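The structure appears below as structure tokens.
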Amino acid sequence: MRWNQYYLFTTREVPKDAEVVSHQLMIRTCMIRKVAAGIYSYLPLGWRSIRKLEAIVRREMERAGSVELSMPAIHPAELWRESGRWDVYGHLLLRMKDRHDRDFCFGPTHEEVVTDIVRRDVKSYRQLPLNLYQIQTKFRDEIRPRFGLMRGREFIMKDAYTFHASQESLDSAYEAMREAYCRVFEACGLEYSMVEADSGTIGGASSHEFMVLADTGEDAIVRSPSGSYAANVERATIGALAASAATDPEPLTEVDTPGKTSVAQVAEFLDRPVEQFVKTLIYETEKEYVAVLVRGDREVNEVKLTNHLDCRHLGLAREAKVVELTGAPLGFAGPIGLADEVRVLADATVRPLVNFVCGANAADRHYTGANWDRDVSVDEWADLLLAAAGDPSPDGDGPLELHRGIEVGHIFDLGIKYSKAMECTYTDERGESQPMLMGCYGLGIGRTVAAAVEQNHDEDGMIWPVPLAPFEALVLSLDPDDEAVARGAAGGQVQGRRSAGDPGPGRRRRPGPRRGQGGSVATARS
RNA sequence: CGGGGCGUAGCUCAGCCUGGUAGAGCGCACGGUUCGGGUCCGUGAGGCCGGAGGUUCAAAUCCUCUCGCCCCGACCA
């Protein structure tokens, strides 16, 4: 293909709304063009990369025993009401009405539709297991779309769903899909990591995410040195922290801490280490107020907290409410003497503390020498800690490293969440009706291409992994006035190669700019 | 949804505070020049200043409303 016959108009200027490199470069190289917030056209060059990735994904899905189908983008509300997600999914669901005033939504994922298909056709354990996938455009009305294809509203995703009569069957499909995902990302030449994940609103028992490692990633993950443990920080647990030396209990003492509202300030003022502090944070959910105790130098993991409380909305309580519940201004909350309505949760890592410091629920006052049971009663102990770099790995494999990652794939063991709600059942060997076990497996197509750019570029442009490069070679004639070179040599080279050719005669081009842009068009760079 | 910002040429932006014939660079067209890594010179085309209303002799500029977009936060695969 000759460049001047192709639809390829590169630009030098960086569009002002493009923040991350992949977005900037994909706009500049004419791969994508924005149509509305979070909605893009895939121009020919970008579509080539998308199609190449899709081919890899199809190959690996088929190898893993998945069968391709295509489901509608528009879903009737009834299906979503059946699963209960019409209400749960909230504003992420783009809703619409047809001419008869019936409710529909643009599918953000297809558990409901695929479950509806399977429940009509499949009646017996003899027909299971089944593994179906599609590559299709989805829409999620993100609160804040950004970063080009990395977080669009309309996006292309490969989603697969499996149906089983036993956990063993689901486990083996899950494993097969896990391997397929690894093969896909390896085939793309990407540096990635599979991590344990929180399952979010999709729900289900276990789940793993596939993260492409890149500094601009929106997710944080921790990994042990050998990689034997890896998890999204939303879910990461840690090994036991070093215990402080045992000392005899001190008396509980209320001390003045005028104007010292942060742990760091109080620690300095009292000359005590921050590890010796218990920090009290007041959270509110749609149903209750909760005090969460963590070590002074640590942060609360709000995803773990949300899961533990089984609530829909969670946030730090408003200042006025904190004052009401603690009887003190912000900065002096503590677990001793809180209002009765407050449920007290403590992170397990503060359990070994002896003679700790905490807020006294009075202005400018803290306690020292506080101890569990004698002074402080806790309603529940739980793992509520946000893992940090340097924490011991839970499997004993040394200190955890912190990385940024782009979530390009997510696989879930759904259990019977959807099959039970939607009565997708089969008859087992004993003639009894059972809900099918399900798995679901997503892979972001556009996001993976964007992630490949995030991970492979320099100051001049993209350095494509060959399997995803739109073109593999770019032929340039360096003497634009030489007709023989332009038509003959370059033209001949272009034949039979999957490459982009020089514009050739016509408006004369200098080799410089073409080279600069060419690197992003084809993969070869020197 | 809360906070902040931006809509002026195809792109990136200046002009707005202090109202008075709409600008630059890049890109584009034409001519010349140069010729192995983003040449140089000249000429030219191109804008209902996001939209509506208001104030004014006069509005890109001031006021009101509206639409779109971006950033931070809450949220999220």
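Please read all numbers here as calculations on a predicted model, not as lab measurements. In the text below, chain A, chain B and the rest are named by the order of the sequence lines, each starting its count at 1.
Spacing between B:G3 and B:C49 at atom C1', rounded to whole Å, works out to 28 Å. B:A59 and B:G19 have their C1' atoms separated by 6 Å, given to the nearest Å. Remark: the separation of the P atoms in B:G7 and B:C76 is 33 Å, to the nearest Å. Nucleotides B:A58 and B:G53 place their P atoms 15 Å apart, quoted to the nearest Å. Separation of the P atoms belonging to B:A14 and B:G31 is 35 Å when rounded to the nearest angstrom. Atom C1' of B:C11 sits at a distance of 38 Å from the matching atom of B:C57, rounded to the whole Å. B:A74 and B:U55 have their P atoms separated by 45 Å, given to the nearest Å. Comparing B:G38 with B:G27, their C1' atoms sit 13 Å apart, to the nearest whole Å.
Among the atoms of the strands shown, base atoms are found under 4.0 Å from some heavy atom of A:Gly152. Residue A:Glu407 is in sugar-phosphate contact alone, with no base atom involved, counting any heavy-atom pair closer than 4.0 Å across all strands shown. Within the 4.0 angstrom heavy-atom criterion, only backbone atoms of the sugar-phosphate kind lie near A:Leu314; the bases stay farther away.
Proximity of a side-chain donor or acceptor of A:Arg153 to a complementary backbone N or O of A:Ile39 within less than 3.5 Å is not detected.
A donor-acceptor contact under 3.5 Å is not formed by the side chain of A:Arg12 with the base of B:G27.
A straight line from CG of A:Asp219 to C1' of B:C76 spans 10 Å, rounded to a whole angstrom. The separation between A:Phe155 atom CZ and B:A77 atom P is 11 Å, rounded to whole Å. If you take NZ of A:Lys34 and C1' of B:G7, they are 12 Å apart, rounded to a whole angstrom.
A salt bridge links A:Glu112 with A:Arg85: the distance from a Lys NZ or Arg NE/NH1/NH2 to an Asp or Glu carboxylate oxygen falls below 4.0 Å. Under 4.0 Å is where a charged nitrogen must lie from a carboxylate oxygen, and between A:Arg151 and A:Glu142 at least one such pair does. Electrostatic pairing of A:Arg58 and A:Glu54 counts as a salt bridge here, judged by a charged N lying under 4.0 Å from a carboxylate O.
Between A:Arg144 and B:C72 there is a side-chain polar atom (N or O) within less than 4.0 angstrom of OP1 or OP2.
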